[in-house]
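Down below is the structure, laid out as structure tokens.
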Number of protein chains: 2
Amino acid sequence: MPAAADELPSTGRGRRPPRPSGDDRELAILTTAERLLAERPLGAISVDDLARGAGISRPTFYFYFSSKDAVLLSLLDRVVEEADTAMREAFGSPATGARDGWARAIGAYYDTFRAHRPLTVAWAQARSTSDEVRGLWSAVFERWVQQSTAAIDAERARGAAPAGLPARDLAVALTSMNERVLYATFSGDGPAVAEADVVEVLLGIWLSAVYGAAIPD
Amino acid sequence: MPAAADELPSTGRGRRPPRPSGDDRELAILTTAERLLAERPLGAISVDDLARGAGISRPTFYFYFSSKDAVLLSLLDRVVEEADTAMREAFGSPATGARDGWARAIGAYYDTFRAHRPLTVAWAQARSTSDEVRGLWSAVFERWVQQSTAAIDAERARGAAPAGLPARDLAVALTSMNERVLYATFSGDGPAVAEADVVEVLLGIWLSAVYGAAIPD
DNA sequence: GCAGTCCTCGACACCCTGTTGACTCGTTCG
DNA sequence: CGAACGAGTCAACAGGGTGTCGAGGACTGC
């Protein structure tokens with residue numbers, strides 16, 4: 001439906017751009033992708049679907065994006081930015097207590113990806129098929145692990161948490177858990193934790209893993 | 001290279017079966033699949049590759065299997081059986097202590113899937129694209145969760161573990177962690193725990209999550 | 001030596017991806 | 001003003017994958 005754009009003036013009054021220009025099309029592809037992703041998995045969406053949804057032909061699609069994956073990557077860039085910001089805020093702001101600090105971090109992770117549920121699910125799926133998607137996820141994951149590792153080390157340094165398993169190994173395993181559990185909850189396939197309880201469950205496990213014998217608060 | 005089979009007598013001496021029969025072909029497809037899976041991901045293997053590897057044409061492949069996924073499923077059935085057996089043994093046999101019991105269970109999981117590393121990796125990937133593969137995994141996962149839930153409840157009943165999060169939620173989250181961490185370790189993409197340490201790390205987290213304040217042994 | 005079953009594959013119909021080359025249409029600049 | 005240019009567009013093509021169909025070939029039992 002490319003007709004709707006006709007009456008929108010680009011700078012002043014009056015109909016002017018009978019042919020919507022570059023950025024519009026690119027945006028149309030992006031929003032089409034997001035819309036379709038909410039309906040069906042990435043593998044069931046063809047380049048043609050994306051092109052038709054954006055009101056252009058398939059070859060024209062390739063003028064804007066080099067592949068279907070490139071569209072996904074473009075969509076994901078925004079989410080990555082959000083996720084990183086949320087993570088930095090969660091780990092950066094002063095916590096009123098240990099439990100509270102971890103709750104904020106896990107909550108940030110949960111909130112960000114829940115806000116982009118279909119995209120998150122597609123992301124996990126495309127990791128199997130695209131090196132770039134996989135790499136992007138690894139980078140996000142790695143940053144999360146680093147923050148967590150640092151936080152665990154800090155707790156140990158101030159005597160709040162006992163020494164035990166290497167902090168990084170703990171962080172990798174627990175972050176993996178977050179990822180997998182949240183994915184199962186969001187995608188709905190297979191056994192999962194109820195969405196209402198998932199943050200509490202994850203938090204409980206993080207706390208017992210990090211603080212071992214002495215769970216504060 | 002279908003020529004090599006000619007000199008193999010089927011029951012007695014002398015060359016007899018110039019045309020290898022049904023079961024041979026089916027097996028050849030299966031072993032070809034396993035061999036190729038060790039080299040490249042499932043998505044990079046075509047039905048034609050499988051057929052050629054087994055010395056037959058593509059249409060003939062379809063005489064034996066209805067699709068590439070069906071081959072994978074067939075391969076996975078064996079692994080599922082092994083995994084279930086190992087799991088039942090691990091949970092069924094009397095443990096000398098709490099730590100020991102959980103160590104055995106996690107070790108069984110690890111050993112089984114490590115023994116079929118390429119298949120395990122392919123399994124996780126195919127979950128995104130095939131309902132049947134996904135269902136098969138869900139079933140395995142569910143059985144593991146049920147065993148774990150029962151074991152946690154038993155520990156709580158005998159007073160060894162404190163009440164806390166619902167046992168099933170704990171089991172789902174911790175099993176998810178096992179799955180994800182082991183996958184990362186086996187597939188080698190993204191940050192992972194070193195293979196030598198992975199069981200110890202997972203075990204440590206299970207123990208602190210299940211036993212909370214009082215970690216036995 | 002005929003019928004039936006198992007097995008095999010050439011040829012086909014489709015669907016999807018990514019590329020090519022010609023074409024349109026505003027804009028810019030001599 | 002008109003030639004040249006660049007952004008945008010798409011029909012047509014090339015190539016590779018999947019799954020099916022129908023015409024056989026080869027043993028098996030009768």
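In what follows, every chain begins at residue 1, and chains take the letters A, B, ... in the order their sequences are listed. Being a predicted model, the structure only gives us computed values, none of them experimental.
At whole-Å resolution of the value, CZ in B:F65 and P in D:dG19 are 14 Å apart. D:dA26 atom C1' lies 13 Å from atom CZ of B:F63, rounded to whole Å. In this structure, A:I56 places its CD1 atom 20 Å from P of C:dT24, rounding to the nearest Å. Spacing between atom CD1 of A:I29 and atom C1' of D:dG8 amounts to 12 Å, rounded to whole angstrom units. Between the CZ atom of B:F61 and the C1' atom of C:dC6 there is a distance of 18 Å, given to the nearest Å. With rounding to whole Å, A:I45 atom CD1 is found 16 Å from C:dT17 atom C1'. As a whole-Å value, the separation of A:Y62 OH from D:dA11 P is 15 Å. D:dT18 atom P lies 19 Å from atom OH of B:Y64, rounded to whole Å.
Residues in residues 70-80 of chain B take part in no side chain to side chain donor-acceptor pair (under 3.5 Å) pair, two or more places apart or across chains. Pairs engaging residues 112-125 of chain B under the side chain to side chain donor-acceptor pair (under 3.5 Å) rule: B:E82-B:H116, B:R117-B:E195 [sequence neighbours left out]. For residues 27-37 of chain A, no pair satisfies side chain to side chain donor-acceptor pair (under 3.5 Å), with sequence neighbours left out.
Dashed line: the shortest gap from a side-chain N or O of B:T60 to OP1 or OP2 of C:dC7 is not under 4.0 Å.
Counted by atom type alone, B:W137 and A:D189 present zero donor-acceptor pairs between their side chains at under 3.5 Å.
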Output a table of donor-acceptor pairs, distance under 3.5 Å, between side-chain atoms of residues 54-63 of chain A and any protein atom two or more places apart or on a different chain; print 'none' if there are none.
unit_1, atom_1, unit_2, atom_2, d
A:S57, OG, A:T60, OG1, 3.2

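Residues that satisfy the ring-ring contact (aromatic ring centres under 6.0 Å, His included) test with B:W144, not counting sequence neighbours, are B:F91, B:Y109.
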Within the sub-3.5 Å range, which N or O atoms of nucleotides 10-14 of chain C have a protein N or O partner, and how far apart are they?
none

